[in-house]
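In what follows, a structure is listed as structure tokens, so that the remarks can point back to it.
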Number of protein chains: 2
Amino acid sequence: MSGEALEMIAARFKALSEPTRLKLIIALEAGEKNVTELMELVGTTQTNTSRHLQNLTDSGILARRKEGLNVFYFIADKSIFELCDHVCGSLERRFQSQQNAFRGE
Amino acid sequence: MSGEALEMIAARFKALSEPTRLKLIIALEAGEKNVTELMELVGTTQTNTSRHLQNLTDSGILARRKEGLNVFYFIADKSIFELCDHVCGSLERRFQSQQNAFRGE
DNA sequence: TTTGTTTATGATCATATGGTCAATAAAAAA
DNA sequence: TTTTTTATTGACCATATGATCATAAACAAA
């Protein structure tokens, strides 16, 4: 595994390492939405929403489509959901084994 | 999906968002190693290696075992490799489609 | 044209992060 | 005991990151 490849993999993980960005991704699972809709769904400012959307777009996770005044964002890499599901499963197993350890093996 | 759950998922991704930490994980795929071995494999200082190992251990990705002067680290959550493979596949597909676009659809 | 609406960007700030050096454990060997 | 080896921790620094405010850009409507 080359250093450059590692950097790209790390960058992909970094894009997903922020709760607001995860919220945006989840909000877009059902289909494309414009910035105002997304801003209301994730509960932050317009500027902040725009910044996070840019981050995710640069990372290749989202893509954008302009229509009049609106910019619609949508999922460009749908495999992202499998990734999130994978992490969820891993965390669930971790908590389960912690609970088992606490109850006495 | 609760805010707390999102924070935990984000934290897991953040632990994986650093090339040196990915190197450490890959170095441990074959089996446990002590800090000095890992330090030489990833090519950084002992202090820095120790810090990253602590990060990964706190995240539940690695675990540690002490034996005399040595501390051996090993993979605690083996599902991490599927996660990395998943990202690799996603990036490969992305570059492939970029190449196709450049050559003219 | 002017006005209003939606989105993006520049400047700035506080905090987080990764890295380093020095010092400190902790355990084995002399 | 003292010395050596291995690993961790505290203090510090430079940079990165997320958030915010004000402004600008892009476009539609009046």
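Remember, predicted model here, so these are calculated numbers, not experimental data. Proteins get letters first, then strands, A, B, ... in listed order; numbering begins at 1 in each.
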Verify side-chain contact (heavy atoms from CB on, under 4.5 Å) between B:Val42 and B:Asn48, making sure each step is shown before the conclusion. CA-CA 10 Å; B:Val42 307; B:Asn48 200 26; over 6 Å; no
Do A:Phe81 and A:Glu29 have side chains that approach each other closer than 4.5 Å (heavy atoms only, starting at C-beta)? yes
Any side-chain heavy-atom pair from A:Lys23 and A:Leu41 closer than 4.5 angstrom? no
Between atom CZ in B:Arg64 and atom C1' in D:dT9, what is the gap in whole Å? 12 Å
d(CG, B:Asn34; C1', D:dT8) in whole Å: 14 Å
For DNA chain C, which nucleotides open and close the run of contacts to chain B, 5' to 3', at under 4.0 angstrom from a non-hydrogen atom?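 First and last nucleotides in contact are C:dT17 to C:dA28.
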Under 4.0 Å, heavy atom to any atom of DNA chain D: which of residues 51-61 of chain B qualify?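 Here the set is B:Arg51, B:Gln54.
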Quick check on contacts: within residues 3-14 of chain B, what sits under 4.0 Å from DNA chain D by heavy-atom distance?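 Hits under 4.0 Å, by residue number: none.
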Heavy atoms under 4.0 Å is the rule here; annotate nucleotides 24-30 of chain D 5' to 3' with B where the base is hit, S where only the sugar-phosphate is, and - elsewhere. --BBS--
Answer yes or no: is there a donor N or O on one side and an acceptor on the other, between the side chain of [X] and the main chain of [Y], under 3.5 Å?
| X | Y | result |
| --- | --- | --- |
| A:Glu37 | A:Asn34 | yes |
| A:Thr57 | A:Leu53 | yes |
| B:Ser59 | B:Asn55 | yes |
| B:Lys33 | B:Phe74 | no |
| B:Ser50 | B:Gln46 | no |

What's the shortest heavy-atom distance between B:Cys84 and B:Leu22, and which atoms?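 Heavy atoms of B:Cys84 and B:Leu22 come nearest at SG-CD2, 4.4 Å.
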Within the structure shown, what part of the strands sits under 4.0 Å from B:Phe72 by heavy-atom distance: base, sugar-phosphate, or nothing? nothing
Quick check for you: to the nearest 0.5 Å, what is the distance between A:Leu62 atom CG and A:Arg21 atom CZ? 10.5 Å
Comparing A:Asn70 and A:Thr47 on DNA chain C - which has the more 5′ nearest nucleotide: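 The residue closer to the strand's 5' end, by nearest nucleotide, is A:Asn70.
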Could you give me the CA-CA distance, side-chain angles and deciding distance for A:Leu16 and A:Ile25, then say whether side-chain contact (heavy atoms from CB on, under 4.5 Å) is met? CA-CA 9 Å; A:Leu16 300 171; A:Ile25 291 172; 3.5 Å; yes
Which residue pairs pass the salt bridge (charged side-chain N to carboxylate O under 4.0 Å, His left out) test with at least one member in residues 87-101 of chain B, sequence neighbours excluded?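 Qualifying pairs, neighbours excluded: none.
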Enumerate the residue pairs fulfilling salt bridge (charged side-chain N to carboxylate O under 4.0 Å, His left out) with a member in residues 63-86 of chain B, sequence neighbours excluded, ordered by first and then second residue.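 Counting only pairs at least two positions apart or across chains, the salt bridge (charged side-chain N to carboxylate O under 4.0 Å, His left out) contacts touching residues 63-86 of chain B are B:Arg12-B:Asp77, B:Glu32-B:Arg65, B:Arg65-B:Glu67.
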